[in-house]
Amino acid sequence: MQNDEKIVARLLGAGKEYKAGDTVITALKPTTLGLKSGELTLILGPSGSGKTTLLSLFGCVIYPSYGEVWISGEKVNEKSEQNLAMIRLKKIGFVFQKFNLIAPFTALENVMIPLQLQGMNDKDAREKAIAALSNVGMQDRMKNLSNDLSGGQQQRVAIARALVTDPEMMLCDEPTASLDIKSVEIVMAELRQLAKNGKAVAVVTHDTRLEPYADSIVYVLNGEISDKPVETEIKHK
C-alpha cells in the first residue's frame, strides 16, 4: 500500500487577502496544512468561513497573498498562470457541486476531455475514459447525455473525469450538496475508496453528515483553521 504519510500538497503560513478600496478583507489567515496520500480530509465550515479559499490555494486556482504553496514537493507561488494550468491538468482532479459537465456531450465524451487537453489521441483517451467510468460503476451510462443522468450519476461521471488523468490529489467543493442521501452515500464511498487507493482527497463541505467518511477533519471559521469543531452550528440541508 502507498505510504499514507506522504504529503502531496502543503500550505506553509499561506493565506489570502483581498482589497476593496481602502479595506483589506482577509479570506484566509496564515495557514499551515498538508494533504496526505491515502487520506480523505474533510474541510468543514459554514458559508463564507474561508474553506473554499483554502481549497483554491491547494488547487493552484489562486495565488496566496503570503506564505508558500507546495505541490508534489515543488513550490508553486511564483509560477506563471500557464504553468499552474498544467499543474492543475496533470496533478489535480476537481469535483464540483454543480458537476460542470458539458451538456451536449455524452458521459464518455465528458471524461475524455482532460486527456484530449493533454494531447492524447482519441483512441487511447476513449479507452482510459471507459476504464474510469467503469471504476465508478457508470459503464452502462457512457453514451447518455449528461442531462439524461440523475444528480448522483452526474457526480460520479464528474469523479471519473477528475480521476481519468490519474492525479495525485482530488479536490472536491461541496460535492454532495445537491444530492439525495442515497447518492451522498454512493459518492462519498467512491471518494473514500480513492483515498484508500492512495490519492490525497480533500472535501470541502458544510455538512456534518460526511464526518464518518473522513480520515481527518479540518474546521474553518472566520478564515482560521482548527482541529476542533467550530463554536458556531454547522447545519446540513
Side-chain angles (χ1 to χ4, degrees), residues 3-97 162 165 167-175 191 194-195 198-206 210-211 214-232 234:
N3 180 7
D4 62 3
E5 292 300 313
K6 180 187 175 187
I7 300 292
V8 172
R10 187 190 294 275
L11 305 183
L12 294 176
K16 187 66 177 178
E17 293 179 345
Y18 296 95
K19 288 186 178 180
D22 294 330
T23 303
V24 176
I25 300 170
T26 301
L28 187 70
K29 297 175 183 177
T31 298
T32 296
L33 180 67
L35 299 179
K36 298 177 182 178
S37 62
E39 283 195 2
L40 191 155
T41 300
L42 202 65
I43 301 172
L44 189 62
S47 178
S49 62
K51 60 186 188 295
T52 298
T53 301
L54 179 62
L55 198 75
S56 297
L57 286 173
F58 275 123
C60 300
V61 175
I62 58 176
Y63 289 98
S65 300
Y66 36 75
E68 300 176 359
V69 179
W70 291 76
I71 306 294
S72 301
E74 185 176 15
K75 185 178 176 182
V76 301
N77 289 53
E78 298 172 0
K79 289 190 175 296
S80 68
E81 289 280 4
Q82 184 176 6
N83 285 338
L84 289 183
M86 291 307 299
I87 290 172
R88 291 194 298 269
L89 185 61
K90 293 181 178 180
K91 296 182 179 293
I92 306 171
F94 291 93
V95 179
F96 302 98
Q97 175 183 346
T165 58
E168 296 179 72
M169 178 169 54
M170 294 276 287
L171 302 179
C172 310
D173 193 359
E174 298 282 8
L191 294 175
L194 289 177
K199 305 294 183 189
V201 180
V203 177
V204 156
T205 187
H206 64 280
L210 305 190
E211 288 183 344
D215 296 298
S216 61
I217 302 176
V218 176
Y219 299 92
V220 188
L221 183 65
N222 297 329
E224 192 166 5
I225 71 167
S226 171
D227 59 359
K228 297 188 176 2
V230 296
E231 293 297 325
T232 188
I234 301 171

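Everything quoted here is computed from the prediction, not taken from an experiment. No hydrogens, no waters, no symmetry mates; every other heavy atom, side chains included, goes into these values.
To the nearest 0.5 angstrom, L35 atom CG is 6.5 Å from I43 atom CD1. Atom NZ of K16 sits about 9.5 Å away from atom OG of S56, to the nearest 0.5 Å. Rounding to the nearest 0.5 Å places NZ of K19 at 12.0 Å from CD1 of I25. Summarising the geometry, atom OH belonging to Y219 is positioned 9.0 Å from atom CG belonging to D227; distances are rounded to the nearest 0.5 Å. Interatomic distance, D215 CG to T41 OG1, rounded to the nearest 0.5 Å: 7.0 Å. Distance check: L44 CG to S226 OG gives 11.5 Å after rounding to the nearest 0.5 Å.
One N or O on the side chain of N77 and one on the backbone of G67 form a donor-acceptor pair closer than 3.5 Å. Under the 3.5 Å distance criterion, the side-chain polar atoms of K29 are left unmatched by any main-chain donor or acceptor of G15. Side-chain atoms of K199 do not come within 3.5 Å of backbone N or O of M170 as any donor-acceptor pair. With hydrogens and angles disregarded, no donor-acceptor distance shorter than 3.5 Å links the side chain of D173 to the backbone of F96.
Atom NZ of K90 is surrounded by 12 or fewer heavy atoms from other residues, nucleotides or ligands within 6.0 Å. Counting heavy-atom neighbours within 6.0 Å of N83 CG, excluding the residue itself, gives a total above 12.
When all heavy atoms are compared, the tightest approach of V69 to P64 is CG2-CG, 3.9 Å. Across all their heavy atoms, K51 and P46 have their closest contact at NZ-O, 3.0 Å. Closest non-hydrogen pair, A27 versus Y18, comes out as CB-CE1, 3.8 Å.
For residues 57-70, the side-chain hydrogen bond (donor to acceptor under 3.5 Å, both in side chains) pairs, not counting sequence neighbours, are E68-W70.
At a threshold of 4.5 Å between non-hydrogen side-chain atoms, the residues L11 and L54 count as touching. Contact of the H206 side chain with the E174 side chain is registered, since non-hydrogen atoms from C-beta on lie closer than 4.5 Å. With contacts defined as side-chain heavy-atom distances shorter than 4.5 Å, the pair R88/V61 qualifies.
Each of L57, I62, T52 was compared with L28 under the side-chain contact (heavy atoms from CB on, under 4.5 Å) criterion, and only L57 meets it.
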L33 vs F58, side chain to side chain contact (heavy atoms under 4.5 Å, CB included): CA-CA, chis, key distance, verdict: CA-CA 10 Å; L33 180 67; F58 275 123; 3.9 Å; yes
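Under the salt bridge (charged side-chain N to carboxylate O under 4.0 Å, His left out) criterion, K79 pairs with E74, sequence neighbours left out.
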